[in-house]
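This report concerns only the one structure given below.
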Amino acid sequence: MFSFLRRKRGKKALDYQPISNKSKTFSFKKEEALELLDLIKQEFGLDYAKQEYITIKKLETFAKSNSIDNYKELTLRYKTQKDIKIELINLLTVNETYFFREILQVEAFLQIAKNKQNFSVLSAPCATGEEVYSIAIKLKEELGGKRYDITGIDINSQALEKAQKGKYLSRSISRVPQALLQKYFTQKANVYTVNKYLLNDIIWKHQNVFAKDFKKLGKFDYLFSRNMLIYFNDEEKKRVIGQFYDILKSDGYLFLGHADLSFVPNGFEVYNLGLNIYKKV
Ligand SMILES: C[S@@+](CC[C@H](N)C(=O)[O-])C[C@H]1O[C@@H](n2cnc3c(N)ncnc32)[C@H](O)[C@@H]1O
């Protein structure tokens, strides 16, 4: 269908000459792609400046697979069609994660949480669920007598679906100790399924951390936000930190990934710098 699309000779890699067949004209202009990426950045914080070429190629492939001829139409569909927006965000987000990632930080969290009887934990973002289940397993093991809930949010709907199913391949669970693997998972061939009762304490939600309704999630004692802020620029990191500040209770803690911030977040003090733990002040 698109075989007659040609690159303009001597032009920048992503400028395509509009070429018509009897029924369609195709025109993918880089500046229009950048306008769409800017909209995505404003709404979701995702900053693609460092991966511009590959991201625009993804947009183009996405547009073609939806029979969209140009980025202006793609932008219009992004603004007006929720399913197109969701699919596009699914395509552009990176969901890499695994069980028991940054486990020393989770151990430190248990030490902090053991002083409370009831508490709530937010994982923002949870991607495909491994972080949430790792926290749930450690809580069951070490603070089983407490009352708590864990909420996992993400903007990638496919990742959330996978989280809810709780089915993982061996690569994902390679750091889970054997005894815990046997206790909390059911293995069939090379698929490990999280045992259902772990789900009792977990809530999943499709949610953007920048959205106005973020605060409707409630108030949390502990907030894990690992390996998402790295995709945002400093201005957006600060915007999200503001959202995190508001959603945390007055004595709340924030747990970040080691590459997420290069400054102490406003409204927080350092609790453990090496483990990237901050306390709300
Ligand atoms: C690399 S994963 C991190 C998963 C997990 N926290 C970890 O550290 O292993 C990054 C996740 O951030 C999510 N994300 C990016 N921007 C977001 C936003 N504005 N709101 C909510 N989630 C977002 C992506 O969809 C992706 O699943």
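For ligands, and for the atoms within them, numbers begin at 1 and follow the listed sequence.
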N/O separation below 3.5 Å, [X] to ligand 1:
{"X": "Asp154", "result": "yes"}
{"X": "Tyr231", "result": "no"}
{"X": "Pro125", "result": "yes"}
{"X": "Phe44", "result": "yes"}

Residues [X] and [Y] bridged, charged N to O under 4.0 Å:
{"X": "Glu141", "Y": "Lys138", "result": "no"}
{"X": "Glu87", "Y": "Lys58", "result": "no"}
{"X": "Lys116", "Y": "Asp251", "result": "yes"}
{"X": "Lys114", "Y": "Glu142", "result": "no"}

Which bit of [X] gets closer than 4.0 Å to ligand 1, counting heavy atoms only: side chain, backbone, both or neither?
{"X": "Phe214", "answer": "neither"}
{"X": "Phe210", "answer": "side chain"}
{"X": "Gln207", "answer": "backbone"}

Practice prompt. Select the closest option to atom 26 (C) of ligand 1 among Val94, Val132, Ile89, Val240, judged by heavy-atom distance.
Written response: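 Minimum heavy-atom distance to atom 26 (C) of ligand 1 goes to Val94.
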
[X] neighbourhood, listing ligand 1 atoms whose heavy-atom distance to it stays under 4.0 Å:
{"X": "Glu96", "answer": "1 (C), 2 (S)"}
{"X": "Glu131", "answer": "5 (C), 6 (N), 7 (C), 8 (O)"}
{"X": "Thr93", "answer": "24 (C), 25 (O)"}
{"X": "Asn156", "answer": "25 (O)"}
{"X": "Leu46", "answer": "15 (C), 16 (N)"}
{"X": "Arg226", "answer": "3 (C), 5 (C), 6 (N), 7 (C), 8 (O)"}

Looking only at protein heavy atoms, which one is nearest to [atom], and how far off is it?
{"atom": "atom 20 (N) of ligand 1", "answer": "Val209 N, 3.1 Å"}
{"atom": "atom 23 (C) of ligand 1", "answer": "Ile155 CG1, 3.3 Å"}
{"atom": "atom 7 (C) of ligand 1", "answer": "Arg101 NH1, 3.3 Å"}
{"atom": "atom 8 (O) of ligand 1", "answer": "Asn227 ND2, 2.7 Å"}
{"atom": "atom 9 (O) of ligand 1", "answer": "Thr97 OG1, 2.5 Å"}
{"atom": "atom 4 (C) of ligand 1", "answer": "Ala127 CB, 3.6 Å"}

With a distance cut-off below 6.0 Å to the six-membered ring centre and an angular limit of 45° from the axis, does [X] pair with [Y] as a cation-pi contact?
{"X": "Lys279", "Y": "Tyr253", "answer": "yes"}
{"X": "Lys41", "Y": "Tyr48", "answer": "no"}
{"X": "Lys238", "Y": "Phe263", "answer": "yes"}

Fill in: More than 12 heavy atoms from other groups under 6.0 Å of CD on Glu235
no

Discussion item. Give me the atom names and distance for the closest heavy-atom approach of Lys249 to Lys280.
Written reply: O-CD, 3.4 Å

Worksheet entry | Phe232/Phe210 aromatic ring centres below 6.0 Å | yes

Discussion item. Please determine whether side-chain hydrogen bond (donor to acceptor under 3.5 Å, both in side chains) holds for the pair Asn195 and Thr186, giving the CA-CA distance in whole Å, both sets of side-chain angles, and the decisive distance to 0.1 Å.
Written reply: CA-CA 6 Å; Asn195 288 342; Thr186 305; 2.7 Å; yes

Worksheet item: Would you say the side chains of Thr75 and Glu35 form a donor-acceptor pair under 3.5 Å?
Response: no

Worksheet item: What do you reckon, does Phe232 put a non-hydrogen atom under 4.0 Å from ligand 1?
Response: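 The answer is yes: ligand 1 sits under 4.0 Å from a heavy atom of Phe232.
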
Only pairs under 3.5 Å count here: list side-chain donor-acceptor contacts from residues 162-169, not counting sequence neighbours, and write none if there are none.
unit_1, atom_1, unit_2, atom_2, d
Lys167, NZ, Thr193, OG1, 3.3
Tyr168, OH, Thr128, O, 2.6

